[in-house]
Amino acid sequence: MYLLHGKLTAKPGHADELAGILLEASELVSDAKGCKLYVIGKDAAELNAVYVTEIWDSKEDHDNSLKHDQVRALISRAMPILDGAPSKGQELEILGGAGV
């Protein structure tokens, strides 16, 4: 399995818009091959940050999800409201836990 955890930082005043785009993405990938989890979260201490945690059957499944036209359109909508280029998320090894 493949676990990816990342933080995206929106330009001031755009965090809710970014979160909305990512929530749309979660709906799109919910039926994607290999998607087990796609969760969006916020931290009250970082008003412009939005976090994404994903679990996939494989990195290949994750990478293939990024090739879908609707996902690419959401990425295009998000890019102008990001505060700088998105950093690469943390790729973590899954050791176990509830639900996996």
Side-chain angles (χ1 to χ4, degrees):
M1 288 213 285
Y2 177 70
L3 169 64
L4 183 65
H5 178 71
K7 172 180 144 180
L8 298 168
T9 304
K11 292 178 180 173
H14 291 277
D16 289 340
E17 181 181 359
L18 178 59
I21 291 169
L22 292 168
L23 288 168
E24 285 183 57
S26 73
E27 291 176 24
L28 286 176
V29 300
S30 66
D31 293 330
K33 179 183 179 292
C35 182
K36 302 296 182 197
L37 177 81
Y38 191 101
V39 178
I40 310 306
K42 291 178 76 175
D43 180 349
E46 293 186 82
L47 298 179
N48 296 314
V50 182
Y51 292 84
V52 181
T53 302
E54 307 174 52
I55 297 178
W56 295 82
D57 282 337
S58 68
K59 183 176 184 327
E60 180 181 29
D61 287 339
H62 168 266
D63 292 348
N64 286 336
S65 75
L66 298 174
K67 296 175 185 176
H68 292 275
D69 289 340
Q70 291 176 308
V71 171
R72 295 183 66 74
L74 290 175
I75 292 169
S76 293
R77 281 180 42 208
M79 292 303 288
I81 62 172
L82 292 178
D83 190 11
S87 59
K88 186 176 186 322
Q90 293 176 296
E91 293 176 325
L92 303 170
E93 177 185 0
I94 296 176
L95 302 177
V100 289

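The chain is numbered in sequence order, starting from 1. This is a predicted model, so every value here is computed, not measured.
Residue Met1 is not grouped with residue Val52 when hydrophobic side chains (ILVMFWY) are merged at heavy-atom distances under 4.5 angstrom, including chains of intermediate members. Put simply, Val29 and Ile55 are part of two different groups of oily side chains (I, L, V, M, F, W, Y) that touch within less than 4.5 Å, one to the next. Both Leu66 and Tyr2 belong to a single network of hydrophobic side chains, linked directly or stepwise wherever heavy atoms of I, L, V, M, F, W or Y lie under 4.5 Å apart. In terms of hydrophobic clustering, with Ile, Leu, Val, Met, Phe, Trp and Tyr side chains grouped at heavy-atom distances under 4.5 Å, Val39 and Leu28 are assigned to different clusters. The hydrophobic cluster containing Met79 does not contain Tyr51, counting ILVMFWY residues as joined when their side-chain heavy atoms lie under 4.5 angstrom apart, directly or transitively.
In the displayed structure, Asp43 atom CG is contacted under 6.0 Å by more than 12 heavy atoms of other residues, nucleotides or ligands. Within 6.0 Å of the CD atom in Glu91, the count of heavy atoms belonging to other residues, nucleotides or ligands exceeds 12.
Inter-residue side-chain proximity for Lys36 and Asp57 is flagged as met; some heavy-atom pair is nearer than 4.5 Å.
Between the CD atom in Glu54 and the NE2 atom in His62 there is a gap of 4.0 Å [rounded to 0.5 Å]. Rounding to the nearest 0.5 Å places CG of Asn48 at 12.0 Å from CG of Leu8. Summarising the geometry, atom NZ belonging to Lys7 is positioned 3.5 Å from atom CD belonging to Glu46; distances are rounded to the nearest 0.5 Å. Atoms CG and NZ, from Leu18 and Lys42 in turn, are 9.0 Å apart once rounded to the nearest 0.5 Å. Distance check, rounded to the nearest 0.5 Å: CD1 of Ile40 to CD1 of Ile21 gives 11.0 Å. Annotation: the span from Tyr38 atom OH to Glu27 atom CD amounts to 11.5 Å, rounded to 0.5 Å.
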Worksheet item: Would Leu22 and Leu74 satisfy side chain to side chain contact (heavy atoms under 4.5 Å, CB included), going step by step from the backbone distance to the final call?
Response: CA-CA 8 Å; Leu22 292 168; Leu74 290 175; over 6 Å; no
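Residues Arg72 and Lys67 share a closest heavy-atom pair of CD-O, 3.6 Å. Heavy-atom minimum distance, Ala44 versus Leu47: O-CD2, 3.6 Å.
Listed for the Lys11 side chain is a donor-acceptor partner under 3.5 Å among the backbone atoms of Pro80.
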